Amino acid sequence: MNKGVHSFALLVASATFFLIIAGALVTSHDAGLATPDWPLSNGQVFPKMVGNLFWEHGHRLVATSVGLLTIGLVIYLFLAEKRRWVRRLGLFALFAVIAQGLLGGLTVKLMLPLAVSSAHATLAQLFFCTTVSLAVFTSRGWIESRAVIEEKGTVAVRYLCVIALATIFLQLILGATLRHATTWDLPPDRDLLFAHIAGATAVTVVLGMVVLTVFRRHREESFLTRPAALALGLLGIQILLGVAAYVARLASPDDPQPLNPMVGITVAHVACGALVFATTILLTLRAFRILRSCQASLNLARSQAA
Amino acid sequence: MFTEQTRVWLVVTVVLSLLALASACGKKEETATDTGGAATGKTYTAKGNEGSVTGSISFNGAPPAPKKIDTSADPVCGQRNPNLATEDTVVTNGKLANAFVYIKDGTLADGTKIGEYTFAVPGEAAALDQNGCHYRPHVMGLMTNQKVRITNSDPTQHNIHPTPKNNPEWNQTQPNGAPPIEKTFARAEVLIPVKCNQHPWMKAYIGVLKHPFYGVSAEDGTYTIKGVPAGTYTVAAWREGGATGTEKTMSVTVPVSGSGTADFAFGEAATATGRPGLEMMPALEFPMAGRH
């Protein structure tokens, strides 16, 4: 294990989380078109950061920093990481961050079409997922040898985790679409809102089942129970933030401009959603790391004996 | 250092990135050439016996108090206009300003529909200024293909961003001291919201019509639409609020060289319904013929 690589991967994942917050601030302030050009802002690298240009250009600066950090991480991986698949994942992260930057440019050039804006917000979560995975794969907890645990029960925890991950990702897409469908001065789209509420219910049920199963089957395994408990706690906060965001958004069309309570709550909702996603990724990867089906364990033992 | 497969992926990534960049940079602002049918009819020639539509806009009930705008994001705005407040409902003595009143439809005295005519587009551009970090005027009218001349009188930068449904959308920065921007809208549309994405409280509305028969209520709620041919018309009054605003209509007869009156009322009843009001209201007054 290379401690430096892991620390750098953690730095990139943390910076990406900060970037998601910066992006959410742009949406909540309706600042996406504060400048009509891209990649420069009003033809300048460092324009006067007044009004909503502060949020839009600030987002671009943070995004540029994350892009540079990702390039640094990829170089670091190719120099110090022996596992080829981890290096490839690093390359995928680089590809994703470049595509994300271009999508961001398209949102400005095409004046925020819903499909492009939603794709930009969704790819942000996928990129975050990749950087979190890189941080997990380079961590000591992943690399050091661990006893393999046989899965008991009809449905494997690993597959439940994958279902939860997919459900959360779909919910993130719905949330991104809902946020970008209308601006602060219009009421939220009703159909999308109902879909997002239904998605929240589905995430609660699926993630609840995952956490319950982890605690019932692997109570002693803190490697799994810690992220499971954290995911559940974050989900609870996320639901409360969702209700608060709904109330704040309902009131916002009467405001002369996006005001801090609405901005703060909606941005916190986006950030917490990303954290729920990241924690579930951690749980899923760890489950795949230490859990095996009975048959797989048998095959492993046979191959080792051979 | 790289395997062949990795190199292929790298090349694909770079090519896709360049393609996307080229498509983004190559997109030019759409230019509307469709006249929306404005130039297909017979041209109206003034006969000298045209009349007018006049009236006033009332507001029933207690109007919402204007909200003070927090301009701290751009200190120049606070210095320039320390009392900046919302302008969506400006009521003085029960009269509503900034209502857009226009002839929506109707028939001239000779039986032809007003929509069958085309009208000369004024050569003079309509003015829209950014002054004190708000748009002046707040509501205005234009004819299709008439120029709107946008100026920035503020010592700060703005961007002008109309969000029409029937015309091409555009977004342009106007730094302080920059020359005026002149634009036209080719298709009729009531009304086009205009915003400034740098200062999100800044809003204006532009009504674009194929004819020149429109007006905006002044602070005392009154308006006048001049040069209207004799006939019977559906006159509409629109005020902002909600997603699309609220519109009311009424039938008005304009006699030869006379004046028709259309008084509208907004407020509690309109707000209570919460939908664009398209209900017909009886004309309140039919003025005398022959009045000049």
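Everything numeric here is computed off the predicted structure, so don't read it as measured data. All chains are named by letter (A, B, ...) in the order of the sequence lines, taking the proteins before the strands, and each is independently numbered beginning at 1.
Heavy atoms of B:T86 lying under 4.5 Å from chain A belong exclusively to its side chain. When heavy atoms are compared at a cutoff of 4.5 Å, A:T183 approaches chain B solely by way of its side chain, counted from C-beta outward. Both the backbone and the side chain of B:D70 have a heavy atom closer than 4.5 Å to some heavy atom of chain A. Residue A:D30 touches chain B through both its backbone and its side chain, counting heavy-atom pairs closer than 4.5 Å. Heavy-atom distances place no part of B:E87 under 4.5 Å from chain A, backbone and side chain included. Contact annotation for A:P253: neither backbone nor side-chain heavy atoms come within less than 4.5 Å of a heavy atom of chain B.
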Quiz: residues 90-97 of chain B side-chain donor-acceptor pairs under 3.5 angstrom, not counting sequence neighbours:
residue: B:K95; atom: NZ; partner: B:S56; partner atom: OG; Å: 3.4
residue: B:K95; atom: NZ; partner: B:S58; partner atom: OG; Å: 3.2

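A search for side chain to side chain donor-acceptor pair (under 3.5 Å) contacts involving A:E81 returns A:R83, not counting sequence neighbours. For A:T266, the side-chain contact (heavy atoms from CB on, under 4.5 Å) partners are A:S28, A:R179, A:A245, A:R249, A:M262, not counting sequence neighbours.
Counting all heavy atoms, side chain and backbone alike, A:P36 lies closest to B:T173 at CD-OG1, 2.8 Å. Taking each heavy atom of B:Q198 and A:V50 in turn, the nearest pair found is OE1-O, 4.3 Å. Across B:D74 and A:G51, no two heavy atoms sit closer than the pair CB-N, 4.2 Å. Heavy-atom minimum distance, B:N197 versus A:L33: CB-O, 3.3 Å.
Checked for salt-bridge contact, B:K195 and A:D185 miss the test: no charged N lies under 4.0 Å from a carboxylate O.
Annotation for A:F17: atom CZ counts as buried by contact number, over 12 foreign heavy atoms lying within 6.0 Å. Residue B:E219 places its CD atom among 12 or fewer non-hydrogen atoms of other residues, nucleotides or ligands, all under 6.0 Å distant.
Of the listed residues A:T35, A:D254, A:V108, the one with more heavy-atom pairs under 4.5 angstrom with chain B than any other is A:D254. With respect to chain A, the highest number of heavy-atom pairs below 4.5 Å among B:K203, B:H199, B:M202, B:H158 belongs to B:K203.
Of the inter-residue distances, the one linking A:M111 atom CE with B:T163 atom OG1 reads 10.5 Å to the nearest 0.5 angstrom. Separation of atoms CD (B:Q172) and CG (A:D37) is listed at 11.0 Å; rounding is to 0.5 Å.
Counting heavy atoms from C-beta outward, B:K67 and A:D255 have side chains that approach closer than 4.5 Å.
Residues of residues 52-60 of chain A placed with any heavy atom under 4.5 Å of a heavy atom in chain B are listed by number as A:N52, A:L53.
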